[in-house]
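Here's the structure we're looking at; comments come further down.
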Amino acid sequence: MDFILNTLEYVKRDYTENRIRFFAEIFSWACSVISAIIFAATVPTVPVIPLYSIFISGCCAAAWTCWTRGSFGLLANYVFLITIDCIGLARMLLN
């Protein structure tokens, strides 16, 4: 029970500290889940452009939230994912 109460307190504190970051993290999480659902529901004919757009948007929001928290490891991860996906999207659009 302490874990649940501590988690709820953490969420409340996080919301109070920076509401914009809090909602950016929710947006990022939603983009990730929506991307996974779209991918799973549309295999093998995945709508790549919308999927890339949603995923890259979520990664950008997540990268910003990592920057504001001072989390280098996660920031580096999201910047790397954004780079990979933008290259993939550009390659697809150019072919």
Side-chain angles (χ1 to χ4, degrees):
M1 190 66 168
D2 284 342
F3 174 75
I4 294 171
L5 294 175
N6 289 339
T7 301
L8 291 174
E9 186 59 36
Y10 172 79
V11 171
K12 181 181 173 184
R13 185 176 66 246
D14 194 43
Y15 174 79
T16 304
E17 286 177 6
N18 191 329
R19 287 185 177 123
I20 294 171
R21 181 179 60 213
F22 181 83
F23 286 112
E25 287 177 334
I26 291 173
F27 173 77
S28 175
W29 168 79
C31 286
S32 177
V33 171
I34 289 167
S35 295
I37 291 170
I38 291 170
F39 187 89
T42 60
V43 166
T45 55
V46 177
V48 180
I49 293 175
L51 196 61
Y52 261 141
S53 301
I54 294 167
F55 190 74
I56 291 169
S57 297
C59 285
C60 289
W64 178 81
T65 65
C66 293
W67 175 270
T68 63
R69 286 191 187 281
S71 177
F72 173 74
L74 284 175
L75 174 62
N77 181 63
Y78 282 112
V79 168
F80 193 51
L81 288 173
I82 292 165
T83 303
I84 292 168
D85 289 333
C86 284
I87 290 169
L89 180 59
R91 288 185 66 219
M92 187 182 138
L93 292 174
L94 292 174
N95 286 327

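Just so we're clear, the structure is a prediction, and the values are computed from it rather than from any experiment. Throughout, residue positions are numbered sequentially from 1 according to the sequence presented.
Using a 4.5 Å cut-off between side-chain heavy atoms of Ile, Leu, Val, Met, Phe, Trp and Tyr, with links allowed through other members, V48 and I84 fall into different hydrophobic clusters. Linking ILVMFWY side-chain heavy atoms closer than 4.5 Å, directly or via other members, places V43 and L51 in a single hydrophobic cluster.
Put simply, SG on C86 and CG on L93 are 10.5 Å apart, with the number rounded to the nearest 0.5 Å. Atom SG of C31 and atom CD1 of I54 lie 7.0 Å apart (nearest 0.5 Å). Interatomic distance, I82 CD1 to I56 CD1, rounded to the nearest 0.5 Å: 8.0 Å. In this structure, the separation between CZ on F80 and CG on D85 is 10.5 Å, given to the nearest 0.5 Å. For the atom pair OG1 (T65) and CZ (F23), the distance works out to 14.0 Å, reported to the nearest 0.5 Å. The distance from the CH2 atom of W67 to the CZ atom of F72 is 10.5 Å, given to the nearest 0.5 Å.
In this structure, R69 and E25 have side chains that are in contact, with non-hydrogen atoms separated by less than 4.5 Å. For the pair F27 and S57, the minimum side-chain heavy-atom distance is below 4.5 Å. Looking at I38 and P47, their side chains come closer than 4.5 Å, going by heavy atoms from C-beta outward. In this structure, the side chains of I20 and W64 come closer than 4.5 Å at one or more pairs of heavy atoms.
Connectivity analysis of hydrophobic side chains (ILVMFWY, heavy atoms under 4.5 Å, direct or indirect) links V33 to W29, I37.
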Side chain to side chain contact (heavy atoms under 4.5 Å, CB included) between R91 and I87, intermediate numbers included: CA-CA 6 Å; R91 288 185 66 219; I87 290 169; 4.1 Å; yes
Worked check of side chain to side chain contact (heavy atoms under 4.5 Å, CB included) between N18 and D14: CA-CA 6 Å; N18 191 329; D14 194 43; 5.9 Å; no
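In this structure, L89 and Y52 approach most closely via the heavy-atom pair N-CE1, 3.7 Å.
Of the possible donor and acceptor atoms, one in the side chain of S28 sits under 3.5 Å from a partner among the backbone N and O of G58.
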